[in-house]
Amino acid sequence: MRGTNVKLQNAALIAALIALDQGSKNWAQARFYFGKELIAGWLALAPARNNNQIWLGLWIPALRDPVTATAINIAVLGGMLLAWRHSERSRARAPGAVTAVWALGFSGALCSLFDKLFWNGSLDFLLVRGRVAFDLKDAYIAAAELIFIVTAIRLFARDPDNHRPARTEKT
């Protein structure tokens, strides 16, 4: 029964994060069409459509194709599902961190898919120092990456021998 409760809690968290991301875009587009500075010179609400499909689309034109970007997005989601299925050992060692990485990362990937399907790209509405635009989905993915790296370093520092490849005996 406990496993079912955890799955329901994770599903509810992911659904809430997706609703927050998608709702915030609608709110920002309707309310701050011309922009609003929140912290002078540092942070502004300035909705801008990003039609590059994925981050690498800024530099690789072939990735701006919606079909290609959607296929990559679906592959990432599939990989994340497989990783979750095979992460039992990691979840036992750092359950909170693994769940946070999973929930934030999977929510970000699903939001990215929804952006491609419903927004024809992304509506980035947070502008930092007039240069970097992002939305909540990007923040979810960045937070998942940061938690993953910090957790991996901490687990490795705690038990470095447990992360080395097994040695084979030569006969």
Side-chain angles (χ1 to χ4, degrees), residues 6-39 41-88 90-91 97-152:
V6 170
K7 287 178 185 175
L8 287 174
Q9 289 171 348
N10 287 341
L13 177 58
I14 289 168
L17 289 170
I18 291 169
L20 184 62
D21 174 74
Q22 296 298 305
S24 67
K25 290 175 187 177
N26 287 320
W27 173 77
Q29 184 177 29
R31 190 123 194 263
F32 300 104
Y33 185 76
F34 295 107
K36 176 177 174 61
E37 197 164 66
L38 298 175
I39 301 172
W42 283 92
L43 183 64
L45 289 170
R49 182 124 6 236
N50 178 352
N51 294 326
N52 289 317
Q53 300 296 325
I54 60 176
W55 180 72
L56 286 173
L58 292 169
W59 298 281
I60 304 172
L63 297 179
R64 294 180 194 149
D65 174 54
V67 174
T68 303
T70 302
I72 291 169
N73 204 154
I74 291 170
V76 167
L77 285 164
M80 290 184 75
L81 286 170
L82 287 173
W84 176 257
R85 189 167 182 202
H86 296 288
S87 68
E88 188 174 329
S90 297
R91 284 184 292 195
V98 173
T99 299
V101 168
W102 163 254
L104 289 166
F106 199 73
S107 297
L110 274 174
C111 288
S112 181
L113 183 61
F114 293 158
D115 286 352
K116 288 169 186 52
L117 297 175
F118 304 122
W119 291 91
N120 190 29
S122 180
L123 181 69
D124 294 333
F125 62 91
L126 295 165
L127 186 64
V128 177
R129 297 197 57 139
R131 293 183 181 93
V132 179
F134 66 99
D135 59 6
L136 293 181
K137 160 202 67 191
D138 297 327
Y140 299 164
I141 293 169
E145 292 168 346
L146 181 65
I147 295 168
F148 176 82
I149 291 167
V150 169
T151 302

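Any value given below was found using the heavy atoms of this structure, including those in side chains, with hydrogens, waters and symmetry copies removed.
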Backbone N/O of A62 and side chain of D65: donor-acceptor pair under 3.5 Å: no
Please check if the side chain of E37 supplies one atom and the backbone of G41 the other of a donor-acceptor pair under 3.5 Å. yes
Could you tell me which non-hydrogen atom of [X] sits nearest to which non-hydrogen atom of [Y], and how far apart they are?
X	Y	value
W59	R64	N-NH2, 4.4 Å
A28	P47	O-CG, 3.4 Å
A144	V101	O-CG2, 3.6 Å
S107	Y140	CB-CD1, 4.1 Å
F134	V128	CE2-CG2, 3.4 Å
I147	A97	CG2-O, 3.9 Å

Applying side-chain contact (heavy atoms from CB on, under 4.5 Å) between D115 and each of L123, D21, N50, report the one that passes. D21
Any side-chain heavy atom of D135 sitting closer than 4.5 Å to one from W119? no
Determine whether K25 and S122 make a side-chain contact, defined as any pair of heavy atoms from C-beta on separated by less than 4.5 Å. yes
Enclosure of F148 CZ (heavy-atom neighbours >12, cutoff 6.0 Å): no
Within 6.0 Å of CH2 in W27, more than 12 heavy atoms from elsewhere: yes
If I take atom [atom1] from residue [X] and atom [atom2] from residue [Y], how far apart are they, to the nearest 0.5 angstrom?
X	Y	atom1	atom2	answer
L8	L13	CG	CG	12.5 Å
R129	L127	CZ	CG	11.0 Å
L38	L126	CG	CG	7.5 Å

Parallel, tilted or perpendicular: which one describes the rings of W102 and F106, with boundaries at 30° and 60°? parallel
Residues at least two apart in sequence or cross-chain that pass salt bridge (Lys or Arg N to Asp or Glu O under 4.0 Å) with D124, listed by chain then number, are none
For residues 70-79, which side-chain N or O atoms pair as donor and acceptor with protein atoms under 3.5 Å away, sequence neighbours left out?
unit_1: T70; atom_1: OG1; unit_2: P66; atom_2: O; d: 2.7
unit_1: N73; atom_1: OD1; unit_2: S112; atom_2: OG; d: 3.0
unit_1: N73; atom_1: OD1; unit_2: L113; atom_2: N; d: 2.9
unit_1: N73; atom_1: OD1; unit_2: K116; atom_2: NZ; d: 3.4
unit_1: N73; atom_1: ND2; unit_2: A109; atom_2: O; d: 3.1

